[in-house]
Undergrad: 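First, the structure itself, so that you have it in front of you.
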Amino acid sequence: MINDLKKIYRLAVQSRKFQLKINELLKTKKFNIPIHLALGHEFVSSLVKYYFKKNDKILLSHRNIHFSSIFSKNVFSKYLKLTSEKNKSQISSEGSMNYVDRNSNIVYSSSVLGNNIPVACGVSKSNKKKNSVTICVTGDGAIEEGTFYESLILSKFLKLPLIFLIENNNWSMATSIKERRTDINFSYLAKSLNINYFKFDRLNFNKNISNYRKAINRCRKNKTPIICEFEVKTLGTYISSGRKIHYHHGPMKVESLNCIIGNPKDDIIYNLQKRLKIYENY
């Protein structure tokens, strides 16, 4: 287990370094399009990457940079293209919020809330015979859309090897879950549809690795949808005039030291280092 965690940690650091480089470019206003950073989400994308196979497919939401940073080759040059005047047509049609790399397994991204969820059903059905798992990355805001429930029903009926991966950072469009809706008991919802549900606490690394391996193997073997809900903490929140401002997009008002941002106990990279007893000087 410890060797698995070390490899996942290396992927997480790769994603963190990339995002910090992009953040520096954002500070100098190199991009004319909104880029949503995902500092604090790196363990999730790295865990998915670690258990990803050749024929697997992944569909992303608007906050996708932690995935693109480790799923795409030469990803920095691809982002730099978004700063060029010569690429205005690409910026208007795709951009960072609709990131697609045709040379990777990222087959679709959407800036529209919940839009990638039904699309993932179609992708999963088309790849079902290839022993392929489709992973649909979504958030705690998008699962409030009716398309989420409809896609759960459809994927169960069609026996699709599809993982609905929910990144729950407790806010959407600057509102917390408590401010906008009642709690959803996913274990009850999943049970009502006879779908397996796995909950991933943010800092329980060994259990998270074990449960995700179990989930994706079950999905692949049994050709069945599975819900995986990850607790994440998006870094970059700050206090202004006594009001808590959640980071949404653009440059983060953070400084890093050895890849660690802000209060170390809030940073997933620091907690991975602490768990692995790694003290690095980047």
Side-chain angles (χ1 to χ4, degrees), residues 7-50 52 58 60-84 91 94-101 104-106 109 111 135 137-139 165 167-171 202-203 205 230-238 245-273 278 280-282:
K7 292 173 182 177
I8 291 167
Y9 165 74
R10 293 297 177 193
L11 289 169
V13 168
Q14 178 183 331
S15 178
R16 171 62 60 87
K17 287 181 177 180
F18 176 78
Q19 292 188 72
L20 289 173
K21 286 171 67 176
I22 295 298
N23 193 45
E24 290 305 308
L25 292 176
L26 285 168
K27 288 178 181 179
T28 58
K29 299 182 179 180
K30 294 291 185 181
F31 297 97
N32 295 317
I33 57 174
I35 290 182
H36 296 68
L37 297 173
L39 296 165
H41 295 233
E42 294 91 349
F43 177 78
V44 181
S45 55
S46 300
L47 181 60
V48 172
K49 175 68 174 176
Y50 189 64
F52 210 76
I58 187 165
L60 303 175
S61 68
H62 68 287
R63 195 177 303 281
N64 56 54
I65 194 170
H66 52 314
F67 283 95
S68 61
S69 61
I70 54 178
F71 274 81
S72 292
K73 294 181 180 179
N74 303 315
V75 64
F76 191 66
S77 63
K78 291 181 173 67
Y79 268 81
L80 284 181
K81 288 181 180 179
L82 300 177
T83 69
S84 171
I91 290 172
E94 292 184 3
S96 69
M97 290 169 61
N98 298 66
Y99 187 91
V100 176
D101 182 355
S104 75
N105 293 72
I106 302 172
S109 295
S111 59
I135 297 167
V137 181
T138 189
L165 192 153
E167 292 184 308
N168 187 343
N169 64 354
N170 191 35
W171 60 269
R202 192 170 72 95
L203 301 180
F205 300 122
F230 283 84
E231 177 190 79
V232 295
K233 188 178 184 69
T234 308
L235 302 179
T237 295
Y238 62 98
I245 307 297
H246 290 297
Y247 170 79
H248 187 55
H249 67 79
M252 278 197 177
K253 299 179 180 181
V254 295
E255 299 296 333
S256 67
L257 178 63
N258 297 337
C259 277
I260 308 303
I261 295 172
N263 188 336
K265 72 176 184 180
D266 292 332
D267 194 325
I268 198 71
I269 297 295
Y270 171 81
N271 283 282
L272 282 166
Q273 290 178 357
I278 292 174
E280 302 194 56
N281 184 22
Y282 296 104

Undergrad: Say you draw a straight line from OG of Ser61 to NE2 of His36; how long is it, rounded to the nearest 0.5 Å?
TA: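 Going from OG on Ser61 over to NE2 on His36, the span is 9.0 Å.
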Undergrad: Nearest 0.5 Å, please: how far is CG in Asn105 from CD1 in Ile135?
TA: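 Reported value, rounded in 0.5 Å steps: 9.5 Å.
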Undergrad: To the closest 0.5 Å, what do you measure between OG (Ser104) and CD1 (Ile70)?
TA: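 Nearest 0.5 Å value for the OG-CD1 distance: 11.5 Å.
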Undergrad: Got a donor-acceptor contact below 3.5 angstrom from the Ser45 side chain to the His66 backbone?
TA: yes
Undergrad: Could you work out, with side chain to side chain donor-acceptor pair (under 3.5 Å) as the rule, every residue matching Lys27, not counting sequence neighbours?
TA: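 Lys27 satisfies side chain to side chain donor-acceptor pair (under 3.5 Å) with Glu24 once adjacent residues are dropped.
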Undergrad: Taking all heavy atoms of Asp101 and all of Lys73, pick out the closest pair and write down the distance.
TA: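 Of all heavy-atom pairs spanning Asp101 and Lys73, the closest is OD2-N, 4.1 Å.
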Undergrad: Between Lys49 and Phe67, is NZ or CZ placed under 6.0 angstrom from the six-membered ring centre and within 45° of the ring axis?
TA: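 No, Lys49 and Phe67 do not form such a contact.
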Undergrad: Val44 vs Leu47, test: side chain to side chain contact (heavy atoms under 4.5 Å, CB included). Steps then yes/no.
TA: CA-CA 5 Å; Val44 181; Leu47 181 60; 6.0 Å; no
Undergrad: With side chain to side chain contact (heavy atoms under 4.5 Å, CB included) as the criterion, how do Leu80 and Lys30 come out once you've worked through the C-alpha distance, each side chain's angles and the decisive distance to 0.1 Å?
TA: CA-CA 9 Å; Leu80 284 181; Lys30 294 291 185 181; over 6 Å; no
Undergrad: Where do Leu37 and Arg63 come nearest, in terms of heavy atoms and distance?
TA: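 That closest heavy-atom pairing would be O-NH1, 2.7 Å.
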Undergrad: Do side-chain atoms of Lys78 reach the backbone of Ser72 as a donor and acceptor pair under 3.5 angstrom?
TA: no
Undergrad: So Leu235 and Asp267, do their side chains get closer than 4.5 Å, heavy atoms only?
TA: yes
Undergrad: Please check if the side chain of Asn271 supplies one atom and the backbone of Leu203 the other of a donor-acceptor pair under 3.5 Å.
TA: no
Undergrad: Go through the steps for Tyr270 and Asn258 under the test side chain to side chain contact (heavy atoms under 4.5 Å, CB included), then give the verdict.
TA: CA-CA 9 Å; Tyr270 171 81; Asn258 297 337; over 6 Å; no
Undergrad: Work out which heavy atom in Ser109 is nearest to a heavy atom in Ile106; give both atom names and the distance.
TA: OG-CG2, 4.0 Å
Undergrad: Give me the ring orientation class for Tyr79 and Phe18: parallel if the planes are under 30° apart, tilted from 30 to 60°, perpendicular past 60°.
TA: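 Ring orientation of Tyr79 relative to Phe18: perpendicular.
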Undergrad: Find out whether Val75 and Tyr99 are in side-chain contact, i.e. whether some heavy atom of one side chain is under 4.5 Å from a heavy atom of the other.
TA: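 They are in side-chain contact.
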Undergrad: Quick one, Thr234 with His41, criterion side chain to side chain donor-acceptor pair (under 3.5 Å). Give me CA distance, side-chain angles, the key distance, then yes/no.
TA: CA-CA 7 Å; Thr234 308; His41 295 233; 2.6 Å; yes
Undergrad: Applying salt bridge (Lys or Arg N to Asp or Glu O under 4.0 Å), name anything that partners Asp266, two or more places apart in sequence or on another chain.
TA: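 Partners of Asp266 under the salt bridge (Lys or Arg N to Asp or Glu O under 4.0 Å) test: none.
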Undergrad: Determine, step by step, whether Thr138 and Leu165 satisfy the side chain to side chain contact (heavy atoms under 4.5 Å, CB included) criterion, reporting the C-alpha distance in whole Å, the side-chain angles of both residues, the deciding distance to 0.1 Å, and the verdict.
TA: CA-CA 6 Å; Thr138 189; Leu165 192 153; over 6 Å; no
Undergrad: Taking all atoms of both residues into account, what is the closest heavy-atom pair of Pro34 and His249, and its distance?
TA: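 Shortest heavy-atom contact: CB-ND1, 3.8 Å.
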Undergrad: Looking at residues at least two apart in the chain, or sitting in another chain, which of them share a side chain to side chain donor-acceptor pair (under 3.5 Å) with Asn170?
TA: none
Undergrad: Can you measure from CD1 (Ile8) to CZ (Phe43) and round to the nearest 0.5 angstrom?
TA: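 Atom-to-atom, Ile8:CD1 and Phe43:CZ are 5.5 Å apart.
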Undergrad: Please answer whether the main-chain N or O of Ile65 pairs with a side-chain N or O of Ser68 as donor and acceptor at a distance below 3.5 Å.
TA: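 Such a contact is found between Ser68 side chain and Ile65 backbone.
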Undergrad: With no hydrogens and no angle check, do the side chains of Glu42 and Gln19 hold a donor and an acceptor under 3.5 Å apart?
TA: yes
Undergrad: Does any non-hydrogen side-chain atom of Tyr9 lie less than 4.5 Å from one of Ile269?
TA: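 Answer yes - side chains close enough.
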Undergrad: If every non-hydrogen atom of Ser256 is compared with every non-hydrogen atom of Ile261, which pair is closest and at what distance?
TA: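 For Ser256 versus Ile261, the nearest heavy atoms are CB-CG1, 4.1 Å.
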Undergrad: Can you name the closest pair of heavy atoms from Gly40 and Ile268 and give their distance?
TA: O-CG2, 3.9 Å
Undergrad: Is it the case that the side chain of Arg16 and the backbone of Cys259 share a donor-acceptor pair, with hydrogens and angles ignored and the cut-off at 3.5 Å?
TA: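 Here the side-chain-to-backbone pair exists.
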Undergrad: For the residue pair Lys233 and Asn169, establish whether any side-chain heavy-atom pair is separated by less than 4.5 Å.
TA: no
